[in-house]
Amino acid sequence: MLCCSLLFSLTVFAQQPVQVSGIVRDEVGPIGGVSVLVKGTQQGTVTSPTGAYTISAVPGTVLVFRSIGYDEQERTVGSAGTINVTLVSGSEGLEEVVIVGYGTQQSKDVTGSVSTVSMGNVRDQALASPDQALAGQVAGVNVSTSNGIPGGGPQIQVRGIGAVGATSEPLYVIDGFPVPSSSSQRSNPMSEINPQDIESMTILKDASATAIYGSRGANGVVIINTKKGRSGKPTIAVTASTGLQEVPQKGRPDLMNGQEFAQWRQEALMDQIRYQEGREPSLDEIPEVYRNPSLIGEGTNWFEEVTRVAPMSDVNLSFSGGNDNIKAYVSAGYFNQQGVMLNTGFERYSLRSNVDATLTDKFRVGVSLSPSLTYTNGNVRGQGRDEFFDIANPISPVYNADGTYNAYLDEAPGAFGLPNPVMFLEETVNKGSSARVLFNAYGEYDLIKNLKFKSTFNVDYGSGESRYFRPSTLGNTNTPPPSIPSGNYSGRSSMNWLNENTLNYDLRSGDHSFDALVGFTVQSNKMRSHTFNGNEFANDDIEALSAAARITAGNINISDWGLVSYLARVNYSYMDKYLVTATVRSDGSSRFGADNRWGTFPSLALGWRLSDEAFLRDVEWLNEFKLRASYGFSGNFNIGNYSYMSNIGTSDYVFNGGLASGRYKTNLGNSFLGWEKMRELNLGYDLSILNNRLTMTADFYIRNTQDLLLESEIPQSSGFATAMENRGDIRNQGLELGINSRNINGENFRWSTNFNISFNKNKVVALGRSTDPLYSGSSSEGNPTNISVIGQPLGMLIGYRVEGIYQNQADLDKYPTFPGAVPGNMRFKDVNGDGEITPFADFEVIGNPYPKFTWGLTNSFNYKNLDLRVLVVGSVGAEMLRATSYYTWNIDGVFNVTKDVADRWKSEADPGNGIVPTTSGDGRGRVMFRDSHSGMVHKTDYAWVKNITLGYTFKNGIGTNFLKTARIYGSVQNAFLVTNYPGNPEGTNYNRSSQSALVPGLDYSNYPVPRIFTLGTNFTF
């Protein structure tokens, strides 16, 4: 009896639950959002952002650890209260859940080209917006950090140029809601989203994956899911970082200092006298300020004066918790980035609340609310001519002797009088604010077994205003102050809403697995904007527009668009080896003409898991080998809301001998205007070997963008020269390769590598109504900068081909020349063979703006609690026309110039560097030197260390029960750049009015991309 009683007591004691806690890590460090479940029950919890968890479990039971992107692991609970787990990156895991359009799939069942961004690889980076996290992470996704404007964004292209008349940005889908994201790179709607709230990011690249988004999927789709609440003990997380930004020495403009400028002007003026008058000049004939350059010294470096070391900070607080029936995630964030250029900055306040509830066994609901408020200061573009710091003479000082601004720079005779660049930036008022609210709500009901109905309602509301004021203290080019003060005020608001209704049927029976999706969606977007200009302010004291004596309406815009869609998708799997995915979507858009308003976008994808076949199943080193093939269509509707209509303009005309006001058509409408359509063939494979330590994904694609939206020439008898039509065809063809490797996976030391490389070529297949070349862009002299020719890449760079410098009269007699040519002028190729060098007529292709390949490499190291991550990106083969040379090679003496001008051609005995010609002769030689030519084109090959992060994690807090985990880290963003290109090798033409795909490869200078030093901490309570 005693023995039985003792045995019973021991059994009862053994079944008492114990508190189990620990840290869940990956090869980089602790990871949050990992589900920790007691196997066979509904009991569970989730790890905090620093990887900590606590759960109650009976000894002997099994804990299951699951997270998207990692292989599932199980651990048996013993008597000890601590279980630490290291998850293996599951990009190779067969059971990994991959987020796709309108649902999820297991990795082994995916048939399209879909890539998941490892959020561990971008953790602790100094990011202002989610799209910046894509750099170097995914093959085929090219992220160009063209500028460092606070609140700005990168240029992102998926698989090359996907559009011409429409924008080529990918579609962003946030928690299932496709949101407008028309980034100009100078302002970026994605910067209103807090990156700290993001749980996962997935890129859909091929037509099979993007066809479910129909008319918006041609440029790829970025699916962003935000963090959700988890059941279990509530978790509070605090993350905070602070940093400093500096402008690296690499890429700064290499302009003359004061002494060099004075010496050059002295020599150039003397050379001109020798040429024009045939005599030796005296120093007395030179303006006094240039006679003794050594007295000037360094002068003023205007670029250094308008840049600074700037602070940056980011603070976030989040709460996560819940139970089996209701879960919540709530966060608040504050981000502040002061710009490295004077009087610029970006500030964001953000909130998020995600709540999911299970009301019954069949009915689930959820709601998400995310308001944000942003402020921007200074609409500075980093354009050295328009903002004067690249062209201002270096002799003039910033301040007068009494400490006041030297308002007008006229100390250099012959140079243009200009406003003081420092004063121009500091005293120009240019402020903006924006409020945005993202709202998502859903309800999901199980109608019958395996059949679910889901309805969502989404709202994206935004409003903003901006204010500009230019005081009288600022002059203009060759016009000293005071000037008449001017200003403007603009406001905007938008309401975008979407309702989606879907039915999903999921069935698995024996060897057959089948799921089907059908849906209906309707979306509407309304926009309002207005601008009012003010002139003749009484003074500078009151900057409000109401103080202007004359107020005019600059622009008032009211527009809207709507989209109605039907969609369907079927996934079928037989024996988990043979896979089929078929998708179709039909869209009707108000943006296109009544005769071509609907488009249908089908796709078909096949998969074959060879590793499950009998002839490969017993290969020990092979874990997964899957072949994929897909073919499909998607579209691009990102054009103006009324491009298919004739617009009406105003014009005066004579009527009955008097002047009358009238209306006229400004363009020819086209009721057949439709989508730019993309059709794509994709062939790929997924390979995992050596116990999943090495995985590889490869894709080969051929993608044609057809029915390009182009301004085509039409008969003049129509009354118009051009009309917008669907004509043309561009082909992108490429190869993508991604490799993940766990090089060392020891208990204390781990090293993993992620590498991707992309090759892409584009070719013009057809253009407009004829085979004639299409010219685009404009140089400083008004000549085209780019050409598109059938059979060649789109928008190749054109200009004069430099063949040398005329050294003497014999060269002038031997080679084709231009009128007024003298020894020392540039010698260009006579392209048309007429014996004379003529602007534009003798232009030829001088550069290819497209890289042969781009690559990204991430190495992650862990030693016990210490982690180090290094991200490097690069590009090979592209060429860029350094368009800043349009003004920094203006050797008329009106602007400052680059240092190499000092080593110009002076005589046959002193030919200089062979690049810069003489300053003598008539103006035509100097004008041709600053027009587009091959001497301005540079290779942009580079390797850029984008991020280095070193961190240390205290697994059990810092010796206190209140603090669960703690982490400290240091990070360097844009650490260093290796390139021979004189500027930013990822630069774009965002500084020009035309940012079309027809004008690539032009660098008009940029807002400096700063190097950012950051210190941060993460705490979990």
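As the structure is a computational prediction, the values presented were derived from the model and not from experiment.
Side chains of F439 and W497 form no contact here, defined as non-hydrogen atoms less than 4.5 Å apart. M696 is listed as a side-chain neighbour of L737, based on a closest heavy-atom distance under 4.5 Å. A 4.5 Å side-chain heavy-atom check between K227 and D197 finds every atom pair outside the cut-off. With a 4.5 Å cut-off on side-chain heavy atoms, I156 and P170 count as touching. Side chains of I203 and Q137 form no contact here, defined as non-hydrogen atoms less than 4.5 Å apart. Put simply, the side chain of L709 reaches to within 4.5 Å of the side chain of L673, judged on heavy atoms. Side-chain contact between V138 and K205 is present, with at least one heavy-atom pair separated by less than 4.5 Å. With a 4.5 Å cut-off on side-chain heavy atoms, V367 and V365 do not count as touching.
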What verdict does the side chain to side chain donor-acceptor pair (under 3.5 Å) test give for N740 and N754, after you've listed the backbone C-alpha separation in whole Å, the side-chain angles of each residue and the deciding distance to 0.1 Å?
CA-CA 5 Å; N740 289 281; N754 175 294; 2.7 Å; yes
Given N756 and E736, is the side chain to side chain donor-acceptor pair (under 3.5 Å) satisfied, shown in steps?
CA-CA 7 Å; N756 62 80; E736 301 166 353; over 6 Å; no
Let me see the working for L369 and V437 under side-chain contact (heavy atoms from CB on, under 4.5 Å), right down to the final yes or no.
CA-CA 7 Å; L369 182 65; V437 178; 3.7 Å; yes
Check step by step if side-chain contact (heavy atoms from CB on, under 4.5 Å) holds for T697 and R628.
CA-CA 11 Å; T697 297; R628 296 178 281 104; 3.6 Å; yes
Kindly indicate, with the supporting measurements, whether the criterion side chain to side chain donor-acceptor pair (under 3.5 Å) is fulfilled by N499 and N501.
CA-CA 7 Å; N499 173 234; N501 302 277; 2.8 Å; yes
Apply side-chain contact (heavy atoms from CB on, under 4.5 Å) to V580 and T111, showing your working.
CA-CA 7 Å; V580 179; T111 54; over 6 Å; no
Should T358 and N325 be marked as a side chain to side chain donor-acceptor pair (under 3.5 Å) after you check the CA-CA gap, both sets of side-chain angles, and the distance that decides it?
CA-CA 5 Å; T358 301; N325 295 322; 5.6 Å; no
Verdict with supporting geometry, T202 and V100, side-chain contact (heavy atoms from CB on, under 4.5 Å):
CA-CA 8 Å; T202 303; V100 295; 5.9 Å; no
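A57 and V38 get closest at one heavy-atom pair: CB-CG2, 4.4 Å. Of all the heavy atoms in S200 and I99, the pair that sits closest is OG-CD1, 3.2 Å. F319 and P234 make their closest contact through CE1-CB, 3.5 Å (heavy atoms, listed as atom of the first residue, atom of the second, distance). Here the closest heavy-atom approach between residue N636 and residue A163 is recorded as ND2-CB, 3.3 Å. Scanning both residues, A218 and M678, for their nearest heavy atoms gives O-CE, 3.6 Å. Considering every non-hydrogen atom in both L563 and S215, the closest pair reads CD1-OG, 4.0 Å.
When each of N194, D175, L438, I193 is checked for a side chain to side chain contact (heavy atoms under 4.5 Å, CB included) with T226, only D175 meets the rule. Partner of F637 under the ring pair (Phe, Tyr, Trp, His ring centres under 6.0 Å) criterion, out of Y213, F592, W561: W561 alone.
The stretch residues 561-589 participates, sequence neighbours left out, in these salt bridge (charged side-chain N to carboxylate O under 4.0 Å, His left out) pairs: K108-D576, R508-D576, K577-E613, R585-D587. Applying the salt bridge (charged side-chain N to carboxylate O under 4.0 Å, His left out) test to every pair with at least one member in residues 446-457, sequence neighbours left out, gives these pairs: R364-D446.
Relative ring orientation between F633 and Y631 is described as perpendicular, the plane-to-plane angle rising above 60° on a 0-90° scale split at 30° and 60°. Relative orientation of the Y685 and F625 rings is perpendicular, given thresholds of 30° and 60° on the angle between their planes. Between F520 and Y566, the ring-plane angle classifies as tilted under the 30° and 60° cut-offs.
The OH atom of Y701 sits 9.5 Å away from the CG atom of N682 when rounded to the nearest 0.5 Å. Interatomic distance, CZ of R591 versus CG of D560, reported as 10.5 Å (0.5 Å rounding). The OG atom of S630 lies 6.5 Å from the CD atom of E680; values are rounded to the nearest 0.5 Å. In this structure, CG in L683 is found 11.0 Å from OG in S113, a value given to the nearest 0.5 Å. Considering OG of S129 and CD of E192, their distance stands at 10.5 Å, rounded to 0.5 Å. To the nearest 0.5 Å, atoms OG1 (T502) and CD (E444) are separated by 7.5 Å.
Here the side chain of T360 pairs a donor or acceptor atom with the backbone of F363 at under 3.5 angstrom. At distances below 3.5 Å, at least one donor-acceptor pair connects side-chain atoms of Q73 with backbone N or O atoms of T86. Between the side chain of R352 and the backbone N or O of S368, no donor-acceptor pair lies under 3.5 Å. In this structure, S318 contributes its side chain and S331 its backbone to no donor-acceptor pair below 3.5 Å. Between the side chain of R617 and the backbone N or O of D612, at least one donor-acceptor pair lies under 3.5 Å. Side chain of N726 to main chain of D707: a donor-acceptor pair is present (N/O by atom type, distance under 3.5 Å, no hydrogens or angles). Within the 3.5 Å criterion, the main-chain N or O of F672 finds a donor-acceptor partner in the side chain of N596. Looking only at distances, a side-chain donor or acceptor of N623 sits under 3.5 Å from a matching main-chain atom of N691. The main-chain N or O of R679 is never found under 3.5 Å from a side-chain atom of N704 such that the two would form a donor-acceptor pair.
For the residue pair N450 / D506, no side-chain donor-acceptor distance below 3.5 Å is found, with atom types taken as modelled. Q523 and N496 form a side-chain donor-acceptor contact under 3.5 Å, judged by distance and modelled atom types alone. When only modelled atom types and interatomic distance are considered, D356 and Y442 share a side-chain donor-acceptor pair under 3.5 Å.
Ion pairing between R230 and E199 holds under the 4.0 Å rule for side-chain N and carboxylate O. Between K626 and D686, at least one side-chain nitrogen of the basic residue sits less than 4.0 Å from a carboxylate oxygen of the acidic one, meeting the salt-bridge criterion.
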